[in-house]
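Excluded from the calculations below are hydrogen atoms, water molecules and symmetry mates; all remaining heavy atoms, backbone and side chain alike, are included. Quick caveat, the model's predicted, so the values are computed rather than measured.
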Amino acid sequence: MQLFYNPTINESTEVFSFDKEESKHIIKVLRKKDTDILHVTNGLGLLFITEITLASDSKCAVKVNSITKAEQSNYNLHLAVAPTKMNDRFEWFLEKATEIGIHEITPIICDHSERKTVNTERFEKIILTAMKQSNSLFLPKLNPAVSFKDFIKQDQYGTKLIAHCEETDKKSLKSVLQKDTNYTILIGPEGDFSTKEIQLALENTFIPVTLGNTRLRTETAAVVACHSIAFTNED
């Protein structure tokens, strides 16, 4: 199934048009024509089976033939991850986490962060492409970058975990994971969280965890955490 995306449609939509860029891709690149069937999602769990009624590369119009709704997962995963020095590594994480299954992502700027800014628009495009490629009907939420201190002050839902590398008492991630449970997990920068940040997290009821016996890169640690929770929730 080739999946297309339109965030403006809902269960009451009967007809709609794609924007100019998507229309050109559908008609010029994919060579779709009148009466061809397109599978479309709004990123909120709905799958629209549509039929092209106007095959124009400036305004491809379709009518909705049927709608199905995907079941939401019984857990929610929010990863707060420090941007990596090399952008492509963080982008790799975004792509893989979306493919595996993640609900919310927040870039956090930490004491040891070498990168202090992010290109949110580019990140959103990577997440959207990964959602379509993996045929997922749910678009993960990407939050604006925020400082570690400000993130900690926010109300976070579910079990709160912080993965760090300091030689202190930590539980294994495997030992704390439970099915059908919401999680917020902090993943630090290449230089790890500072001792002050770790202490602040513990004071705010975050549980310290280890992701294994080896030292992982930021993006690897984030993907390991994402997959571990997805695997725990498989039927």
J.: Does a salt bridge link Asp57 with Lys24, judged by any charged N lying under 4.0 Å from a carboxylate O?
T.: no
J.: Okay, side chain of Thr184, backbone of Tyr157: is any donor-acceptor separation there less than 3.5 Å?
T.: yes
J.: List, one per line, each side-chain donor-acceptor pair under 3.5 Å for residues 77-85, sequence neighbours excluded.
T.:
residue, atom, partner, partner atom, Å
His78, NE2, Thr106, OG1, 2.7
Thr84, OG1, Met86, O, 2.7
Thr84, OG1, Phe90, N, 3.2

J.: Salt bridge (Lys or Arg N to Asp or Glu O under 4.0 Å) with Lys132: which residues, sequence neighbours excluded?
T.: Glu22
J.: About how many Å separate OG1 of Thr168 and CD1 of Ile198, when rounded to the nearest 0.5 Å?
T.: 6.5 Å
J.: What I want to check is whether the side chains of Ser58 and Ser56 have a donor and an acceptor closer together than 3.5 Å.
T.: yes
J.: For Lys32 and Ile27, which heavy atoms make the closest approach, and how far apart are they?
T.: O-CD1, 3.5 Å
J.: Take Val40 and Tyr5 through the test side chain to side chain contact (heavy atoms under 4.5 Å, CB included) and record every step on the way to the result.
T.: CA-CA 5 Å; Val40 188; Tyr5 173 69; 5.8 Å; no
J.: Measure centre to centre between the rings of Tyr75 and His103, then say whether the value is under 6.0 Å.
T.: yes
J.: Over all heavy atoms of both residues, which pair between Asp192 and Ala163 is shortest? Give the atoms and the distance, please.
T.: OD1-O, 4.5 Å
J.: About how many Å separate CG of Asn182 and CG of Asn74, when rounded to the nearest 0.5 Å?
T.: 10.0 Å
J.: Just verifying a value: how many Å separate Leu38 CG and Cys60 SG, rounded to the nearest 0.5 Å?
T.: 6.0 Å
J.: Can you tell if the side chain of Leu139 reaches within under 4.5 Å of the side chain of Thr98, non-hydrogen atoms only?
T.: no
J.: Before you tell me yes or no, could you show the steps for Leu177 and Tyr183 under side chain to side chain contact (heavy atoms under 4.5 Å, CB included), namely the whole-Å CA-CA distance, both residues' side-chain angles and the distance that decides it to 0.1 Å?
T.: CA-CA 9 Å; Leu177 294 186; Tyr183 290 96; 3.8 Å; yes
J.: Any side-chain donor-acceptor pair under 3.5 Å between Thr205 and Lys160?
T.: yes
J.: Without swapping roles, check the side chain of Asp36 against the backbone of Lys33 for a donor-acceptor pair under 3.5 Å.
T.: yes
J.: For Gln72, look at atom CD and say whether over 12 heavy atoms of other residues, nucleotides or ligands are found less than 6.0 Å away.
T.: no
J.: Does CD in Glu71 sit with more than 12 non-hydrogen atoms of other residues, nucleotides or ligands closer than 6.0 Å?
T.: no
J.: Taking Phe18's backbone N and O only, do any of them form a donor-acceptor pair with Ser23's side chain (distance below 3.5 Å, no angle check)?
T.: yes
J.: Output a table of donor-acceptor pairs, distance under 3.5 Å, between side-chain atoms of residues 218-227 and any protein atom two or more places apart or on a different chain; print 'none' if there are none.
T.:
residue, atom, partner, partner atom, Å
Thr218, OG1, Gly188, O, 2.8
Thr218, OG1, Glu190, N, 3.4

J.: Within the 4.5 Å heavy-atom criterion, are Thr50 and Phe16 side-chain neighbours or not?
T.: yes
J.: For residues Phe48 and Leu46, determine if any side-chain heavy atom of one lies less than 4.5 Å from a side-chain heavy atom of the other.
T.: yes
J.: Is it true that a side-chain atom of Ser175 and a backbone atom of Lys171 form a donor plus acceptor pair closer than 3.5 Å?
T.: no
J.: For Lys196, is there any backbone N or O sitting under 3.5 Å from a side-chain donor or acceptor partner on Gln199?
T.: no
J.: To the nearest 0.5 Å, how far apart are CD in Glu166 and OG1 in Thr210?
T.: 13.0 Å
J.: If you apply the rule side chain to side chain contact (heavy atoms under 4.5 Å, CB included), what do you find for Ile109 with Val146, and how did you get there?
T.: CA-CA 6 Å; Ile109 309 304; Val146 63; over 6 Å; no
J.: Just so I know, are the side chains of Thr41 and Phe138 near enough to count as touching, which here means a heavy-atom distance under 4.5 Å?
T.: no
J.: Could you tell me whether a side-chain N or O of His39 sits under 3.5 Å from a main-chain N or O of Met1, the two making a donor and an acceptor?
T.: no
J.: Using atom types as modelled and distance alone, determine if a side-chain donor or acceptor of Thr129 lies under 3.5 Å from a backbone N or O of Lys125.
T.: yes
J.: Which is it for Glu91 and Arg122 under the salt bridge (charged side-chain N to carboxylate O under 4.0 Å, His left out) test, yes or no, and what are the steps along the way?
T.: CA-CA 9 Å; Glu91 292 170 1; Arg122 176 169 172 78; 2.6 Å; yes
J.: Taking the side chain as every heavy atom from C-beta outward, state whether Gln133 and Glu99 have any atom pair closer than 4.5 Å.
T.: yes
J.: If you apply the rule side chain to side chain contact (heavy atoms under 4.5 Å, CB included), what do you find for Ile67 with Leu47, and how did you get there?
T.: CA-CA 6 Å; Ile67 304 173; Leu47 176 64; over 6 Å; no
J.: Indicate yes or no: at least one non-hydrogen side-chain atom of Phe206 is less than 4.5 angstrom from one of Leu186.
T.: yes
J.: Could you tell me which non-hydrogen atom of Asp180 sits nearest to which non-hydrogen atom of Asn233, and how far apart they are?
T.: N-OD1, 2.8 Å
J.: If I take atom CG from residue Leu3 and atom OG from residue Ser136, how far apart are they, to the nearest 0.5 angstrom?
T.: 8.5 Å
J.: Evaluate the side-chain proximity of Asp111 to Phe193: yes if any heavy-atom separation is below 4.5 Å, no if none is.
T.: no
J.: Side chains of Asn76 and Glu104 only: does a donor on one sit below 3.5 Å from an acceptor on the other?
T.: no
J.: Is a side-chain N or O of Ser17 found less than 3.5 angstrom from the main chain of Ala61, in a donor-acceptor match?
T.: no
J.: Between His164 and Thr195, is there a donor-acceptor pair closer than 3.5 Å when you use the side chain of the first and the backbone of the second?
T.: no
J.: Taking all non-hydrogen atoms of both residues into account, name the closest pair between Leu200 and Asn204 and its distance.
T.: O-ND2, 2.8 Å
J.: Ignoring hydrogens, what is the shortest heavy-atom contact between Pro107 and Val118? Give both atom names and the distance.
T.: CB-CG1, 4.4 Å
J.: Could you state whether Ile100 and Leu216 fall into the same hydrophobic cluster, counting links through intermediate Ile, Leu, Val, Met, Phe, Trp or Tyr residues with side-chain heavy atoms under 4.5 angstrom apart?
T.: yes
J.: Any chance you could measure Ile185, atom CD1, to Ser228, atom OG, to the nearest 0.5 Å?
T.: 8.0 Å
J.: Where do Lys116 and Cys110 come nearest, in terms of heavy atoms and distance?
T.: NZ-O, 3.3 Å
J.: Could you tell me whether the side chain of Thr53 reaches within less than 4.5 Å of the side chain of Asp34, counting heavy atoms only?
T.: no
